[in-house]
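Notes follow once the structure below has been shown.
Everything numeric here is computed off the predicted structure, so don't read it as measured data.
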Amino acid sequence: MSEHLRLSGVSHGYGDRQLFVGVDIAITAGEHVAIVGENGAGKSTLLRILAGLEAPDEGTAVSHGRVGYLAQTHGLPDQFTVSDAIDAALESLRTLEAELDRLERGLADAEADELERYGNLQTQYQLREGYAAESRVEAALDRLGLGGLDRMRTLGSLSGGEQERVALACVLADPADILLLDEPTNHLDASGTAWLEARLAAHRGTVVVVSHDRVLLRKVASTVIEVDAERRTVNWYGNGYEGYLREKSAERQRWAQQYHGWLEAMAAEQLQADTVAGKMGYARQRDGDKMGFDFKAGTWQKAATSKVRNAQERLRRLEENPIDRPPVPLKLATDLRADVEAGPALEAKGVAVPGRLETTDFRVEAGQKILITGPNGAGKSTLLSVLAGTLVPVKGTVARHGRIGYLQQELELPQRPALRLLPAFASGLGGNIDEHAEALLRLGLFRTSEFHVPVGGLSAGQQRRLALARLLLGGYGTMLVDEPTNHLAPVLVEQLEAALSGFEGTLVMVSHDRALGEWFSTCAKRSETGHGSGSGNWLRYAMRDGALV
């Protein structure tokens, strides 16, 4: 099979921070690849290099074929209309159409070379299914929850999620030979995600997707590329996502065994040297046979000295060829606790936001765990914002009891981008900075090396982790969480689920994450049988057209 993408000897970083070194990758035509790794490891950077949008510091990046690229943020001007965005996505196809029209008007008097050119262009147009481009746009918008969207709406008038779905529909309107997609499911509901999975699985060209969606990774990826932040490497794994998980587990075990074997060898050689050296005091233990003793002591001394020297040499070689300590995986190491008082934690009566939320009554008892699902635009985030108090309803009231923490789906840009991560985390929390550093380390969402990174330089995933850290360590009795798994690495999502399972306070979540939905259903079943905390307190609601159903 021919290659669609190749990186040769690629090294890249920003400032004094190196992301990866000496990367060699070859992706064949038709291969479906997932890029995974911790937040901030360089996954999006690697995708931009593959797309040719960013030049590596060293090495070369080569692509063969048309490339369709979807960034986490579309980057189009707010004043662009939806129609402008579609036109920009279909520009090369429209150029092809215009050239075909020009050649067609002169076919009667065309020379042989013009006829050949017309035939070639027509073949290209047909292979790209150019005649169906408009219908593909409409179908994609409809399947992504934007059917009937006015094409004269400006992008700035749309929500962040709507903008990203428009961008995704544009990329898929004229499917390129190579699709490079960065977190394409972040703003999709269950039906939209299922449609995208089927669409990518059926794509005959190459697909490279950066994603934290565990279900999509299992269904779409035949190959996994991991960006390893610790070793600054990019590693290749076959046999799909499940094969990647198995190989990673075996790899970590091998690494740990090699590291501990190296430590044991170091300790054994040091003990050998120390033991022999300690016995060299034998020369002081004389008996009556001075001459014989001196001979034996001298002989033994030479042998002992040789043994010490040999042990020290072996020790030196071990020190010169160390086995790096396996990195401790980032984990959500927290025990969430909250004081639970009887009665309602939240009570909304007759709240409404025209066009977004129908008149709604919603009561949440202290200690309840609630998951709200539903299609995009159903009003889930609006309801959560009303409950949190960041959106004032046009009518109705909300009563709140106890301290309430809120994680929004769309994080605001940092007001002080130059502020370092640790001070940003500690802002407004009181106490001293050393205590906050210790608490943040215990939580496990960041390493000490990241404490001094400016918040303006954090990736979307790292900013999400920062907001999540402030929520989890805020001591809130009630937590309102909108799409908590967005931008989080799968291993962190599983740790978050485990932590939330033991949370004694009140939890209201909005999520499209199908794997998280399965986890929630499992917890609900356990609570029904009395095997989980808060028996009977795990409730699931759906929203549609601004109303709870």
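- In this structure, the side chain of His512 does not engage the main chain of Ala190 through any donor-acceptor pair within 3.5 Å.
- For the atom pair CE of Met509 and CG of Leu407, the computed distance is 11.5 Å after rounding to the nearest 0.5 Å.
- Heavy-atom neighbours of Asp24 CG from other residues, nucleotides or ligands within 6.0 Å: above the threshold of 12.
- Partners of Tyr125 according to the ring pair (Phe, Tyr, Trp, His ring centres under 6.0 Å) rule, which considers only residues two or more places apart in sequence or in another chain, are Tyr131.
- We find the NZ-CZ distance between Lys369 and Phe503 to be 6.5 Å, quoted to the nearest 0.5 Å.
- Atom CG of Leu5 sits about 4.5 Å away from atom CD1 of Ile178, to the nearest 0.5 Å.
- Between the side chain of Arg232 and the backbone N or O of Val21 there is no donor-acceptor pair closer than 3.5 Å.
- Comment: Arg151 engages Glu138 in a salt bridge, judged by a side-chain N to carboxylate O separation of less than 4.0 angstrom.
- Of the inter-residue distances, the one linking Gln124 atom CD with Gln122 atom CD reads 11.0 Å to the nearest 0.5 angstrom.
- Arg136 has its side chain within reach of Pro175: a pair of non-hydrogen atoms, C-beta onward, lies under 4.5 Å apart.
- The closest side-chain heavy-atom distance from Gln462 to Leu421 is not below 4.5 Å.
- Proximity of Leu50 to Tyr69: side-chain heavy atoms (C-beta onward) are nowhere separated by under 4.5 Å.
- The existence of a salt bridge linking Glu251 and Arg231 is confirmed by a sub-4.0 Å separation between a basic side-chain nitrogen and an acidic carboxylate oxygen.
- Considering only heavy atoms from C-beta on, Leu516 comes within 4.5 Å of Pro484 through its side chain.
- Heavy-atom neighbours of Glu242 CD from other residues, nucleotides or ligands within 6.0 Å: above the threshold of 12.
- With respect to Glu450 and Arg447, no salt bridge is recorded, no charged nitrogen being found less than 4.0 Å from a carboxylate O.
- Arg48 and Thr45 share a donor-acceptor pair across their side chains, judged by distance under 3.5 Å alone.
- Atom CD1 of Ile27 is separated from atom CH2 of Trp236 by 5.0 Å, given to the nearest 0.5 angstrom.
- The salt bridge (charged side-chain N to carboxylate O under 4.0 Å, His left out) pairs that include a residue from residues 191-203 are Glu197-Lys219, Glu197-Arg514, where partners are two or more places apart or lie in different chains.
- One finds a salt bridge joining Arg214 and Asp513 here, because a Lys/Arg side-chain nitrogen approaches an Asp/Glu carboxylate oxygen to under 4.0 Å.
- Two residues are said to be in side-chain contact when any heavy atoms from C-beta on lie closer than 4.5 Å; Val220 and Leu196 fail this criterion.
- Taking 4.5 Å as the limit, some side-chain heavy atom of Leu181 sits within range of a side-chain heavy atom of Leu200.
- Interatomic distance, CD of Glu38 versus CZ of Phe446, reported as 11.0 Å (0.5 Å rounding).
- You'll find the side chain of Leu149 reaches within 4.5 Å of the side chain of Val166, heavy atoms only.
- No side-chain donor-acceptor contact under 3.5 Å links Asn120 and Thr123.
- Not a single donor-acceptor pair under 3.5 Å links the side chain of Arg128 to the backbone N or O of Ala133.
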